2 protein chains.
Amino acid sequence: MSEGQQRTPLYLKVAADLRTAITAGEYGSGAKLPAEDELARRYGVSRGTVRQALAALRTDGLITSRRGTRRVVLGAPRLHSFGELRSFTRWARSLGEEPGGRVVALDRVTANEEEAERLRLAEGAIVYRVRRLRTLSGAPVMVERTTYPERIGELVAGMPLDTVSYSEQLELHGVLFADARHTIDLVRADEDDSELLGCPSGEALLRERRHSTDPAGTPVEWSQDRYLPGTVAFTMQSSMATTALGRRLSQ
Amino acid sequence: MSEGQQRTPLYLKVAADLRTAITAGEYGSGAKLPAEDELARRYGVSRGTVRQALAALRTDGLITSRRGTRRVVLGAPRLHSFGELRSFTRWARSLGEEPGGRVVALDRVTANEEEAERLRLAEGAIVYRVRRLRTLSGAPVMVERTTYPERIGELVAGMPLDTVSYSEQLELHGVLFADARHTIDLVRADEDDSELLGCPSGEALLRERRHSTDPAGTPVEWSQDRYLPGTVAFTMQSSMATTALGRRLSQ
DNA sequence: GAGTGGTCTAGACCACGTA
DNA sequence: ACGTGGTCTAGACCACTCC
């Protein structure tokens with residue numbers, strides 16, 4: 001018997017069901033969720049599976065939890081999936097905006113010290129540097145400077161210059177993104193930024209630096225994105241239990 | 001027999017042990033961790049406990065994981081604990097810097113619309129607005145505007161004006177912080193910011209807005225912090241499995 | 001095919017909150 | 001005292017990777 005269907009884990013189905021129930025307002029903000037045992041009975045699964053589902057909602061910031069009382073609904077979160085976070089294109093689409101992009105430069109070079117370290121390559125290894133201007137409904141929003149290791153850069157270099165989403169294309173080629181580390185701070189626009197974004201040189205920009213790895217832990221991308229003021233805000237959720245967020249001194 | 005000792009969960013001990021082993025360099029970046037069964041045997045715990053420990057390292061961005069292969073070490077993360085993230089004082093101390101603060105204004109007022117919504121209070125409820133200048137080793141770094149619900153504001157108002165850490169004092173009074181939602185973007189310094197921070201009016205500042213709740217899900221704080229450029233960077237970790245991070249359009 | 005992580009179950013005991 | 005979530009165990013089966 002062929003089982004063509006992709007099986008979703010049980011706990012994800014439970015989580016999805018609870019998530020829709022919450023966002024549909026079945027539990028108001030501040031309401032109490034049913035007990036774990038009750039949910040287990042209701043969904044016909046074990047308590048462990050329910051706990052796995054609830055943990056997912058917890059890290060999304062949808063609910064609290066503490067020993068001794070029922071879980072409490074915090075409210076709808078409006079955070080983004082990993083895909084929307086990683087891909088400008090997906091993010092734009094999820095907002096109903098029309099994403100655009102234009103490659104400004106694409107170079108095949110030997111990695112400098114920082115690139116080699118970030119991408120965990122030997123010094124002098126080949127990398128591809130891509131600079132792109134990203135637009136939202138035609139208006140310039142962000143300048144993206146990305147360095148790819150050779151294997152992935154080759155794929156990027158082979159794509160048409162007007163490719164809207166590299167991420168999606170790369171995924172079609174089997175390049176998977178699994179983890180990312182982000183740093184957000186403020187920088188001044190240099191001459192290139194100023195020309196591309198149409199802002200004064202020296203203007204403050206919101207900068208996100210992103211270091212992504214595939215499921216095997218191999219670095220696949222090292223990027224530096226600079227956003228015009230007023231175009232973007234980053235949001236995140238942290239909790240006593242799970243925190244993957246920090247604050248650093250600059251540089 | 002009295003058991004005076006506070007018991008730490010087993011899985012946290014295992015996680016701490018693995019964390020130190022990793023940061024001590026026992027596993028180089030890119031190295032493979034022992035299998036779950038092996039770790040379970042080594043620590044004398046069940047596989048479930050090992051998995052709980054590994055999950056913690058995963059959300060810290062220390063390791064990857066995928067079906068079929070051993071977990072791979074990504075490297076030392078340098079993210080902060082929830083406490084260090086929430087408290088300017090704790091953060092500063094963890095860097096070896098000397099935190100300071102000065103209360104600029106403390107008002108007992110009726111909540112405006114935004115405050116009422118954020119703190120989930122009825123419109124017209126009493127809140128406390130506190131404005132403080134925060135310093136690092138004497139140098140101005142950040143202006144903090146915080147709104148507290150009445151119950152907590154009363155505690156804050158009763159503290160000496162030179163109290164360095166409200167957070168720690170509040171915890172001593174039994175006020176616990178459990179979850180927080182953060183938004184990071186860029187704003188222009190207004191007259192007050194400019195005077196306190198000693199920067200030109202209109203200067204770009206890095207802004208963090210923070211909305212914290214206690215373990216019961218009750219809002220305890222709504223704060224807006226404005227950092228001088230070049231003093232701070234925010235870092236975070238996201239992964240395909242667990243993402244509590246997003247990107248929004250401004251406002 | 002062997003090894004490994006992902007999912008799931010069933011049951012136990014404990015720590016905390018509330019009444 | 002009781003209900004609830006947090007921790008922990010033991011065992012099962014599956015999906016994936018790599019040899």
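Note on naming: letters A, B, ... go to the chains in the order of the sequence lines (proteins, then strands), and numbering restarts at 1 for each one. As a basis for the values below, the full set of heavy atoms in this structure was taken, side chains included, without hydrogen atoms, waters or symmetry mates. Not measured: the values here are computed from a predicted model.
The 5' end of DNA chain C is approached more closely, in terms of each residue's nearest nucleotide, by B:T69 than by the other of B:L176 and B:T69.
Ion pairing between A:R58 and B:D179 holds under the 4.0 Å rule for side-chain N and carboxylate O.
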task = List the steps, then state whether salt bridge (charged side-chain N to carboxylate O under 4.0 Å, His left out) holds for B:E171 with B:R90.
result = CA-CA 13 Å; B:E171 277 167 29; B:R90 289 208 179 105; 3.0 Å; yes
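The interatomic distance linking B:E38 (CD) with C:dG3 (P) rounds to 13 Å, in whole Å. Taking atom CZ on A:R70 and atom P on D:dG3, their separation rounds to 12 Å, with Å as the unit.
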message = So if I define the base as every atom that isn't primed, P, OP1 or OP2, how would nucleotides 6-11 of chain C read as a B/S/- string at a heavy-atom cutoff under 4.0 Å?
response = BBSB--
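Using modelled atom types and a 3.5 Å distance limit, the side chains of A:Q237 and B:R181 yield a donor-acceptor pair.
Although no hydrogens or angles enter the test, the distance criterion places a donor-acceptor pair under 3.5 Å between the side chain of A:T23 and the main chain of A:R19. Within the 3.5 Å criterion, the main-chain N or O of A:A35 finds no donor-acceptor partner in the side chain of A:E38.
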